[in-house]
There are 2 protein chains.
Amino acid sequence: MARRKVELSPERIRTVALELIDRHGLDAFSTRKLGIALGCEAMAIYWYYRSKEDLLDAVVDELVVSIARVVDEASTDWVGTLRAVAHAYRKLAHDHPRAFPLLATRRFSSASTFAFLEKLFGLARAQGISDRTSAQFYRVVSSYCSGFALNELAPQPTSLAHLKKFPAVAHVSKWLGEDQLDGIFEFGLELQLDALRASR
Amino acid sequence: MARRKVELSPERIRTVALELIDRHGLDAFSTRKLGIALGCEAMAIYWYYRSKEDLLDAVVDELVVSIARVVDEASTDWVGTLRAVAHAYRKLAHDHPRAFPLLATRRFSSASTFAFLEKLFGLARAQGISDRTSAQFYRVVSSYCSGFALNELAPQPTSLAHLKKFPAVAHVSKWLGEDQLDGIFEFGLELQLDALRASR
DNA sequence: GAGTCTTATTTTACAGTGTAAGAGTCGGCT
DNA sequence: AGCCGACTCTTACACTGTAAAATAAGACTC
């Protein structure tokens with residue numbers, strides 16, 4: 001048997017898992033298919049992860065870390081940092097559209113998530129922003145980003161048949177199209193960041 | 001055999017489906033268990049719905065309709081209507097915490113969704129709000145509500161072990177607790193509605 | 001009332017799922 | 001050489017969604 005050749009590891013497993021989800025979607029993802037992609041039997045995965053749920057948590061973690069990196073590279077200005085995080089979050093949804101719902105649905109209380117929050121809130125405190133304010137705006141902005149990204153990933157095909165029966169929607173639909181998404185996201189985000197600036 | 005006695009119907013099926021999801025969660029929901037709850041075989045469901053996905057779409061629809069009703073009862077003021085819808089949306093998440101992720105994840109382009117949007121946008125037009133503005137604020141506010149509700153449904157248990165290692169998070173965590181959710185939701189919502197009022 | 005058609009439901013079957021339990025195989029240790 | 005612990009595979013089980021066909025009951029025609 002060709003054992004010990006594929007060199008399984010937690011990192012490789014979750015990386016290949018993400019690749020598989022990206023390529024074929026969450027529904028099609030199974031431990032058996034992951035095994036094939038890794039070159040091992042499905043059960044070998046269970047040495048590194050207690051369950052499929054555990055593995056998916058690890059995949060989410062990998063994605064969170066990629067956002068956390070943005071905080072390091074950001075300027076010292078907290079508003080700017082929050083903006084950068086918001087954009088990174090949305091970019092993540094575009095880069096991994098089929099994995100993103102995982103991130104939006106799942107509770108994440110892993111160490112790397114905390115490390116991310118620590119950097120973000122540490123920066124806020126260093127700039128004299130009150131804990132209450134930073135907590136408020138973090139929740140508001142992150143909720144907005146999460147919801148917005150999720151919405152744009154599940155786009156309705158603007159059924160023309162329906163539009164005939166719903167004239168008001170027909171009129172407004174011009175401003176609901178995909179070409180408007182960037183602008184509206186920016187609009188809503190800046191609206192919130194303006195309020196943050198004003199609150200100081 | 002006791003046929004034709006249980007009186008199956010699309011409405012009953014999707015209602016019992018929602019009950020089952022509410023009680024035991026999405027993961028535990030299966031066509032077989034639904035069959036047992038309905039008093040029929042699993043395959044009988046397929047006479048009324050083409051697939052499990054189809055059925056879940058119908059469940060989502062049922063939930064959307066319950067929100068649409070709010071628009072009828074609302075005052076003529078569009079800002080007030082949008083606020084009422086936002087609150088109804090969050091209330092839905094509290095009333096059906098285990099079904100809500102369906103609503104947030106799934107594309108809904110059903111007739112009842114369009115009927116809802118028609119009422120909402122029709123009201124906006126009647127009050128002279130530009131199509132662009134109503135589209136913008138609808139997307140922003142609905143994204144915010146969706147993301148906020150999803151976040152509060154997946155609460156992290158504020159791991160005390162982690163808090164020792166992350167002092168900034170520990171300080172801020174006071175404002176991130178469940179007791180703050182109502183206030184923060186309101187804060188973020190009004191922040192957006194203020195901007196809507198100001199834009200006129 | 002007998003025969004046929006339509007609608008509703010069950011039966012049977014299949015390929016696929018997550019994972020528990022145990023068996024097997026290897027490298028490195030004494 | 002023998003053993004141990006770290007890995008991996010094999011087997012098995014209960015459960016999933018649903019295609020295909022069998023079946024039953026009412027409605028409709030003659």
Side-chain angles (χ1 to χ4, degrees), chain A residues 1-62 98-99 101-102 105-107 154, chain B residues 1-62 98-99 101-102 105-107 154:
Chain A
M1 287 285 138
R3 284 154 181 275
R4 212 67 33 119
K5 234 176 44 188
V6 286
E7 283 307 328
L8 245 35
S9 78
E11 293 75 22
R12 194 168 94 87
I13 291 175
R14 72 160 190 234
T15 302
V16 174
L18 178 55
E19 280 173 20
L20 238 55
I21 293 170
D22 277 342
R23 187 152 36 231
H24 301 114
L26 251 179
D27 293 346
F29 176 73
S30 75
T31 55
R32 252 107 157 166
K33 288 176 188 160
L34 177 56
I36 293 172
L38 287 166
C40 70
E41 294 301 312
M43 288 310 290
I45 295 158
Y46 285 75
W47 179 258
Y48 300 93
Y49 293 99
R50 266 210 300 262
S51 66
K52 189 190 183 188
E53 287 290 286
D54 251 41
L55 167 57
L56 291 179
D57 280 344
V59 170
V60 167
D61 224 55
E62 192 177 358
R98 320 184 85 155
L102 271 182
T105 307
R106 220 151 261 271
R107 82 183 73 201
Chain B
M1 287 288 138
R3 286 153 180 276
R4 209 73 30 129
K5 234 180 38 189
V6 288
E7 283 308 328
L8 246 35
S9 77
E11 292 76 20
R12 195 168 94 85
I13 292 175
R14 73 161 188 232
T15 302
V16 174
L18 178 55
E19 278 172 21
L20 238 56
I21 293 170
D22 277 342
R23 188 152 35 231
H24 301 114
L26 251 178
D27 293 346
F29 176 73
S30 75
T31 56
R32 251 105 158 170
K33 288 175 188 162
L34 178 54
I36 292 172
L38 287 166
C40 69
E41 294 302 312
M43 287 311 290
I45 295 158
Y46 286 75
W47 179 257
Y48 300 92
Y49 294 100
R50 267 209 304 261
S51 67
K52 189 188 181 187
E53 287 291 285
D54 252 41
L55 167 57
L56 291 179
D57 280 344
V59 171
V60 167
D61 225 54
E62 193 178 357
R98 321 185 85 154
L102 271 181
T105 308
R106 220 150 263 268
R107 81 182 75 200

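Chain letters run A, B, ... following the sequence lines, proteins first and then strands; every chain starts at 1.
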Residue-level proximity of residues 48-55 of chain A to DNA chain C when a heavy atom falls under 4.0 Å: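 The answer is A/Ser51, A/Lys52.
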Nucleic acid contacts - residues 13-31 of chain B versus DNA chain C, non-hydrogen atoms under 4.0 Å: none
Salt bridge (Lys or Arg N to Asp or Glu O under 4.0 Å) pairs, two or more places apart, involving residues 43-54 of chain A: A/Glu53-A/Arg106
All pairs passing salt bridge (Lys or Arg N to Asp or Glu O under 4.0 Å) where residues 17-32 of chain B contributes a residue, at least two apart: none
Student check: side-chain heavy atoms of [X] and [Y] closer than 4.5 Å:
X       : Y       : result
B/Val59 : B/Phe29 : no
A/Leu56 : A/Ile21 : yes
B/Tyr49 : B/Arg14 : yes

A/Ile13 CD1 to A/Leu55 CG distance, which is reported to the nearest 0.5 Å: 7.5 Å
Between CG on residue B/Leu18 and CZ on residue B/Arg98, distance to nearest 0.5 Å: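 Here the rounded value is 12.5 Å.
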[X] [atom1] to [N] [atom2]: how many Å, rounded?
X       : N      : atom1 : atom2 : value
A/Tyr46 : C/dG18 : OH    : P     : 6 Å
A/Glu7  : D/dA6  : CD    : P     : 16 Å
B/Leu34 : C/dT10 : CG    : P     : 12 Å
A/Glu41 : C/dA23 : CD    : P     : 18 Å
A/Lys33 : C/dG18 : NZ    : C1'   : 13 Å

Residue closer to the 5' end of DNA chain C, B/Arg32 versus B/Ile45 (nearest nucleotide): B/Ile45
N or O in side chain of A/Trp47 less than 4.0 angstrom from D/dT8 OP1/OP2: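 It does not, given that no N or O in the side chain of A/Trp47 lies less than 4.0 Å from OP1 or OP2 of D/dT8.
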Axis bend over the full length of the helix from C/dG1-D/dC30 to C/dT30-D/dA1, computed from five pairs that close each end, to 10 degrees: 20°
Given C/dG18, D/dT8, D/dT18, the nucleotide with the shortest approach to the side chain of B/Met43: D/dT18
Considering only distance and modelled atom types, tabulate donor-acceptor pairs under 3.5 Å from the side chains of residues 33-47 of chain A, sequence neighbours left out.
| unit_1 | atom_1 | unit_2 | atom_2 | d |
| --- | --- | --- | --- | --- |
| A/Lys33 | NZ | A/Ala28 | O | 3.1 |

